[in-house]
Amino acid sequence: MKNYIKHNEWQIIEKGFDPHLNKISESIFSIGNGRMGQRANFEETYTGETLQGNYVAGVYYPDKTRVGWWKNGYPEYFAKVLNATNWIGLNITISGEVLDLNTSKVSEFTRVLDMKLGTLTRKFTVELANGNILKVEAIRFCSIVDDEAGVIKYSITPQNFDGKITVESSLDGDVKNQDSNYDEKFWNEITAKQEGDFALLTLETKKTAFWVSSAIYTAIFQDGNDLELSSSFANKEKYVSQNFEVDVKQNEAITIFKYAVNLSSENHEKDAIEVNAISKLKEVVAKGFKQMLAEQAAAWAAKWQNGDVIIECDVAAQQAIRFNIFQLHQTYTGEDARLNIGPKGFTGEKYGGSTYWDTEAYCLPFYLATAPQQVAENLLIYRYKHLEKAIENAEKLGFKNGAALYPMVTINGEECHNEWEITFEEIHRNGAIAFAIFNYIRYTGENKYLAEYGLEVLIGIARFWAQRVNWSIDKEKYVMLGVTGPNEYENNINNNWYTSTIATWCLKYTIEAIETVKQNDGSRLDEIVAKTKFNLVEEQKHWQDIIEKMFYPEDEKLGIFLQQDGYLDKEQVLVAALPAEDRPLNQKWSWDRILRSCFIKQADVLQGIYFFEEDYDLETIRRNYDFYEPRTVHESSLSPCVHAIIAAKLGDLDRAYEFYLRTSRLDLDDYNNDTEDGLHITSMAGTWLSVVEGFGGMRVKNNQLSLHPVLPKNWKSYSFKIGFRKAIVTVKFDGKKVSLSNESEQALNLNVFGKDEHLEANGTLEINS
Ligand code: BGC
């Protein structure tokens, strides 16, 4: 764990330059706008340790699979979101000396991510090897208004010299992915040219043939005036630059403005993409930096107006929740159903930018409550569009009759993960996808989605489970063999309680969904039955039999659900007994040792209890929590949030707060020693859940919004805003009373602390706890 980020309510601040922390900071200070994003790499040359990263949403490369021993059913490739053209480059040379923080003496270094404005700034003083001292101030952002554009303002003030500065403002597409399986580069050049004052570079991905066209305009100002310097154009393979020479004087600042656009063939016809890039660039240049910044600030203010969480009297907690919300907005805007939320968003290469069960299990509730309904619906439609591929995926593994197994890792619907325990065994992801449909309908109160899209997906998933279980003559029960649960520190286990529970839940819910569609729209059900060749009587009869006769491991003596068969045969040691130097286990222990131990990576039984809380009484929840949490190492970012929610429900506020800090400051304080790979974007939605569902006790129960707030002891109050079925409600709790205010024309019946209440349209309400 690190502790170098300064606490501040609206800003993320780093003071002093420590090259050992640079890759971590590059992740933390990442910027993006849903269409593109980048790590906080330096504009000027940097020869120290860095992970260069610029990403364009939806543009991927199918990198040929690399495994030690091929197994039938493995996917041919791992689809990766690519490191794309680096548009920020400003190579600065002073009297032949390159400005490079790795080889110069750096002082007064500050890096700030301003979450109100959506900007990244850096200030520093640097002494070059030749004794020249300069002050630099740089600010840049990816515009969330013009989401194909980014801009940089970079000022240099010579401190002790007059001289010549050369500026090489570049588009560098000669980049590679660090995770490239065969050390290959993924881009080919299509065009590299100068057009008037603009430089343009168009690249094409190998195999997938996506085009990304980038263009830049650079201008240098002094005292607010454009110096109108002419630039020379230079290019080499996959690289173009605009080069300037400027005479500078001691204490007189020069300011470089660099505007850039990145257009992808996902959104533009190839034969128009370059023309469109230039015209988009002209548009933003005409707007100018000042106006772009003002628009950026206004757009971020609107986002905060709708989705801020305010915590009184705990700056670290306040900063952290805003950081999580900010990064979620930078990653996914929900306008495009072809896009999804990669576990690292635009902040690193790990996980290939692909979609995991994280989206359905963790992210969906955040978007349901804080964004227009279409955003959550787009997340569901993304999976609907992949249904055929999920059916093909199941067929490859030997399933039939329309059974669908959604991939654990995907960009285009095809599985691209190739470790057998994850690809073939971590099948619980199918359950999360069904649960998300249920969750969406429960939250919105609208069944329309079921008939239009949801039921087809549910039938495919239910068919998969019905074929995946088998009858055990010995147990006289259905069993589920050879699975990996959410706890990836166990593989090939039998009867994982979570997987079996969500599997039968899917069967039950699909039966209910069929009935709902039948009642609301019988002819639509006929269409779905015909399309899926569904045998209404036989298939449902078989599902019902599985529901009634499924085996779930339990231990009666302890009164707990067992994570899997034989879990109690393991040596039972608690995490508290692990020496600090052994943590994190996944970096310190052999995989063999991890698999044989009782240690749990993330919520597994508790994930099921979280999803299906209403099925268990408080004592059952407590016994399972008290047994499993002390064995859990929380080495998945997805773990602490679920534990925070359950701990808050059980009234263990100190532990809930501890888990809240762990989930919310996971990256800011680098808890798991892996922030340098990128941020844990999907678990950031879990952070939001730990406030709203954890401390706020928000649920949808009996078709109503229900709240049961509790207050961590060092907070004076907290508030959050949610949209629920056309009502927009701010909930504030100060430990004594809940204050509700409704900013909509929609009145709301809700339940607070177990009592029914009525909140008028545009009304307010105070309820004592
Ligand atoms: C977790 C998975 C998760 C993946 C991506 C893994 O470490 O165990 O549950 O889907 O990360 O976030």
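What's counted below: heavy atoms across the whole structure, side chains too, no hydrogens, waters or symmetry copies. First listed ligand is number 1; within each ligand, the first listed atom is number 1.
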Checklist entry - side chain to side chain contact (heavy atoms under 4.5 Å, CB included) with Lys176: which residues, sequence neighbours excluded? => result Asp183, Lys185
Measure from every N or O atom of ligand 1 to the protein's N or O atoms and keep only the pairs below 3.5 Å, writing each with atom names and distance to 0.1 Å.
| from | atom 1 | to | atom 2 | distance (Å) |
| --- | --- | --- | --- | --- |
| ligand 1 | 7 (O) | Tyr351 | OH | 3.4 |
| ligand 1 | 7 (O) | Lys601 | NZ | 2.7 |
| ligand 1 | 8 (O) | Glu488 | OE1 | 3.0 |
| ligand 1 | 8 (O) | Lys601 | NZ | 2.9 |
| ligand 1 | 8 (O) | Gln602 | OE1 | 2.5 |
| ligand 1 | 9 (O) | Trp357 | NE1 | 3.0 |
| ligand 1 | 9 (O) | Gln602 | NE2 | 3.1 |
| ligand 1 | 10 (O) | Trp357 | NE1 | 3.0 |
| ligand 1 | 10 (O) | Asp358 | OD1 | 2.7 |
| ligand 1 | 11 (O) | Tyr351 | OH | 3.3 |
| ligand 1 | 12 (O) | Asp358 | OD2 | 2.5 |

Checklist entry - Is Glu415 reaching over with its side chain to a backbone N or O of Val409, donor-acceptor style, under 3.5 angstrom? => result yes
Next on the checklist: Tell me whether the rings of Trp497 and Tyr616 are parallel (<30°), tilted (30 to 60°) or perpendicular (>60°).
Outcome noted: tilted
Next on the checklist: Going by the rule side chain to side chain contact (heavy atoms under 4.5 Å, CB included), which residues pair with Asn672 if we only count those two or more places apart in sequence or in a different chain?
Outcome noted: Arg662, Leu666, Asp674
Checklist entry - Going by distance alone, is a donor N or O of one side chain under 3.5 Å from an acceptor N or O of the other, for Tyr382 and Thr355? => result yes
Checklist outcome for this item: By side chain to side chain contact (heavy atoms under 4.5 Å, CB included), Lys23 pairs with (sequence neighbours left out) Glu26, Arg39, Glu49, Leu51, Glu676
